[in-house]
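Working notes, structure below.
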Amino acid sequence: MIVRLPASPTAPRCPVCGKPSVAATQPFCGTRCADVDLGRWLTGQYRIPGPSAELDEDAPTIPDSDPEATG
């Protein structure tokens with residue numbers, strides 16, 4: 001059951017479409033907009049700013065698990 005919040009000037013809005021948010025899927029208006037937002041994070045459209053990550057050259061490597069490589 002989706003519960004709609006009463007429309008008021010201070011009611012939170014869905015960050016994806018701008019409709020009033022629903023208590024069950026806050027801050028979104030529904031599951032569709034929540035899924036759209038998740039998809040944007042997963043495809044890299046949203047990013048948190050910061051220094052770029054660099055690989056640690058001194059980190060140990062994982063040995064091959066190929067049985068033919070050991071014999």
Side-chain angles (χ1 to χ4, degrees):
M1 174 182 196
I2 297 178
V3 178
R4 296 259 176 213
L5 295 175
S8 72
T10 59
R13 298 295 217 178
C14 175
V16 175
C17 70
K19 293 179 183 177
S21 65
V22 176
T25 57
Q26 247 181 354
F28 307 102
C29 66
T31 56
R32 180 191 170 280
C33 283
D35 290 343
V36 167
D37 184 73
L38 177 61
R40 289 176 181 171
W41 279 104
L42 294 175
T43 59
Q45 291 178 5
Y46 294 151
R47 292 183 202 100
I48 298 173
S52 62
E54 295 185 20
L55 296 175
D56 184 9
E57 294 180 13
D58 296 330
T61 59
I62 300 173
D64 277 338
S65 61
D66 184 9
E68 293 180 17
T70 59

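The structure presented is a predicted model; accordingly, all values stated were derived computationally and were not measured.
Residue pairs meeting the ring-ring contact (aromatic ring centres under 6.0 Å, His included) criterion with at least one partner in residues 18-39, sequence neighbours excluded, are absent.
Across P27 and S21, no two heavy atoms sit closer than the pair O-CB, 3.4 Å. For C29 against K19, the heavy-atom pair with the smallest separation is CB-CB, 4.0 Å.
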Pairs under 3.5 angstrom only: tabulate donor-acceptor contacts from the side chains of residues 34-44 to other protein residues two or more places apart or in another chain.
unit_1, atom_1, unit_2, atom_2, d
D37, OD1, Y46, OH, 3.3
R40, NH1, Y46, OH, 3.2
T43, OG1, G39, O, 3.0
T43, OG1, R40, O, 3.4

